[in-house]
There are 2 protein chains.
Amino acid sequence: MAQDAGAAPRTRTQTRNRAAILEAGLEVFSEKGFRGATLEEIARRARLSKPNLLYYYPSKEAVHLALLENLLDAWLAPLVALDPAGDPVEEVLLYLRRKLALSRDYPRESRLFAGEILRGAPHLGPVLGGRLATLVADKAAVLRGWMDQGRLARLPPEHLIFSIWALTQHYADFDVQVRAVLGAGRDPYAEAGPFLETLFRRLLAP
Amino acid sequence: MAQDAGAAPRTRTQTRNRAAILEAGLEVFSEKGFRGATLEEIARRARLSKPNLLYYYPSKEAVHLALLENLLDAWLAPLVALDPAGDPVEEVLLYLRRKLALSRDYPRESRLFAGEILRGAPHLGPVLGGRLATLVADKAAVLRGWMDQGRLARLPPEHLIFSIWALTQHYADFDVQVRAVLGAGRDPYAEAGPFLETLFRRLLAP
DNA sequence: CGTGCCTTTGACCATCCGGTCAAATCGCGC
DNA sequence: GCGCGATTTGACCGGATGGTCAAAGGCACG
């Protein structure tokens, strides 16, 4: 039996197949959304039969949920890494760069996330008001401290964080639109990097 | 017969029912996405039977398409209104305010749009590389002209436009997340307005 | 080589859902 | 109040899809 999705895989086969399912699920869910994705297609991409997939994850939702949960840590890591002991402007810029790198290197994850939030966060709703809200409150306090010390321009810290999310994730989530507007032969991320760096340097200077 | 979705409605009944269908479709599509929406639910919200809905629009896609097309003009209007004869910084800020107002007053439209783009723009793909790209190229030229005259900070104009899209639409598309982070009792838009205004004033000053 | 568990699968089921159709009903112009 | 097109609907269809099940296959270990 391998039905318990939460348990650690025991055999090599389990490890390999679960990984293949998650990879395939990420591909399909991020492209088609939860409703648009089919178990058939996920199974095919994972080179498994549909019942075989259901042997590893008990339902479509279980795969989706596993992906979102796995994602969360990686997604929040850059914000967690914001160091209260560092230089204020440089720390925020570091966060910006890390977040933009996530959009560039993991656009599927970004879109999976965006789809979930866009639909009202039916699966990770509680996490938003819980872990996420706590983390943001924590880091907002750090930012506010820096502002109080005059080392960072005074701004509503939560909205400063939102602006970093919005500006970086836009390039992953709205990729088609960005590329359609820029035309072929241009590298969105290569241009976005310096632009966003300028934007935040001007915004954050005390 | 009323099958031609493109034709202007002739009777009062047509006008009323088509409007009801579009309103219901907007509600359901923006909340559940194209695949997640069902004709049954759209029909119910429009107080029509399913076959009756199909009498006015020949398919689910036709309703979706009609919504996107109706939307496009309203969505692009603020950018169209960017006046080459106006004051550079004030014109951009005006655009920002108009766009934020759209997010505040028409969040369902914003989410409908976001969903379409997120899934790779299967329906209005051609529009992106056509009308949208042309419009942006046009206004980017205006911005560049202002920059050349030293009346606006030198920045990649397309990315400047992207940043306005990203920052304003974020508040509509990721509404649940924003509210979860801010907590109840706070008005996201009331806080976002001044913040974004500050952000762009600092960014755009020559 | 045999036993027992892990893994895989073909066949199948129930449900949902977009769309059709023929018939009923409505309501406007005469 | 009649005729006729516009509108509405119950019943139905076919395909897609999430999920089940019992049986078969593979593999490690005695």
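We name chains A, B, ... by the order of the sequence lines, and we start the count at 1 in each one.
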query: In terms of side-chain geometry, is the basic nitrogen of B:D175 or B:R108 positioned less than 4.0 Å from the acidic oxygen of its partner?
result: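 The answer is no: the pair does not qualify as a salt bridge.
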
Test: B:E23 and B:R45 ion pair at under 4.0 Å: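 Result for this pair is no, no salt bridge flagged.
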
Parallel, tilted or perpendicular: rings of A:W165 and A:F162 (30°, 60°):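 Answer is tilted, since the angle falls between 30° and 60°.
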
query: Should the ring pair B:H123 and B:F34 be called parallel, tilted or perpendicular, given that the plane angle runs from 0 to 90° and is split at 30 and 60?
result: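 Rings of B:H123 and B:F34: perpendicular, as their planes differ by over 60°.
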
Any side-chain N or O of [X] under 4.0 Å from OP1/OP2 of [N]?
{"X": "A:N52", "N": "C:dG10", "answer": "no"}
{"X": "B:Q14", "N": "D:dA6", "answer": "no"}
{"X": "B:N17", "N": "D:dA6", "answer": "no"}
{"X": "B:Y55", "N": "C:dT20", "answer": "no"}
{"X": "A:R47", "N": "C:dT9", "answer": "no"}
{"X": "B:R35", "N": "C:dG18", "answer": "no"}

Atom [atom1] of [X] to atom [atom2] of [N]: distance rounded to whole Å?
{"X": "B:E41", "N": "C:dG18", "atom1": "CD", "atom2": "P", "value": "10 Å"}
{"X": "A:L54", "N": "C:dT7", "atom1": "CG", "atom2": "C1'", "value": "14 Å"}
{"X": "B:E40", "N": "D:dG10", "atom1": "CD", "atom2": "P", "value": "11 Å"}
{"X": "A:R18", "N": "C:dT7", "atom1": "CZ", "atom2": "C1'", "value": "13 Å"}
{"X": "A:H64", "N": "D:dG18", "atom1": "NE2", "atom2": "C1'", "value": "15 Å"}
{"X": "B:Y57", "N": "D:dT8", "atom1": "OH", "atom2": "P", "value": "14 Å"}
{"X": "A:L53", "N": "C:dT7", "atom1": "CG", "atom2": "C1'", "value": "13 Å"}
{"X": "A:L48", "N": "C:dT8", "atom1": "CG", "atom2": "P", "value": "7 Å"}

Among [options], the one nearest [X] by side-chain distance:
{"X": "A:K60", "options": "D:dG18, D:dC21, C:dT8", "result": "D:dG18"}
{"X": "B:S49", "options": "D:dG18, C:dT7, D:dT8", "result": "D:dT8"}
{"X": "B:Y56", "options": "C:dT9, D:dG18, D:dT8", "result": "D:dT8"}
{"X": "B:T38", "options": "D:dT20, C:dC17, D:dG18", "result": "C:dC17"}
{"X": "B:T13", "options": "D:dT8, C:dG10, C:dC21", "result": "D:dT8"}

task: With rounding to the nearest 0.5 Å, note down the distance linking CZ in A:R179 to CG in B:L128.
output: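 Rounded to the nearest 0.5 Å, the CZ-CG separation comes to 13.5 Å.
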
- request: Pick base, sugar-phosphate or nothing for B:A37, based on heavy-atom distances below 4.0 Å to the nucleic acid.
  value: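 Result for B:A37 = sugar-phosphate.
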
message: I'd like to know if A:K50 reaches the base of D:dG19 with its side chain such that a donor and an acceptor end up less than 3.5 angstrom apart.
response: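 Indeed, a donor on one side and an acceptor on the other fall under 3.5 Å apart.
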
- prompt: Between B:R104 and B:Y171, is NZ or CZ placed under 6.0 angstrom from the six-membered ring centre and within 45° of the ring axis?
  reply: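 Ring-cation test returns no.
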
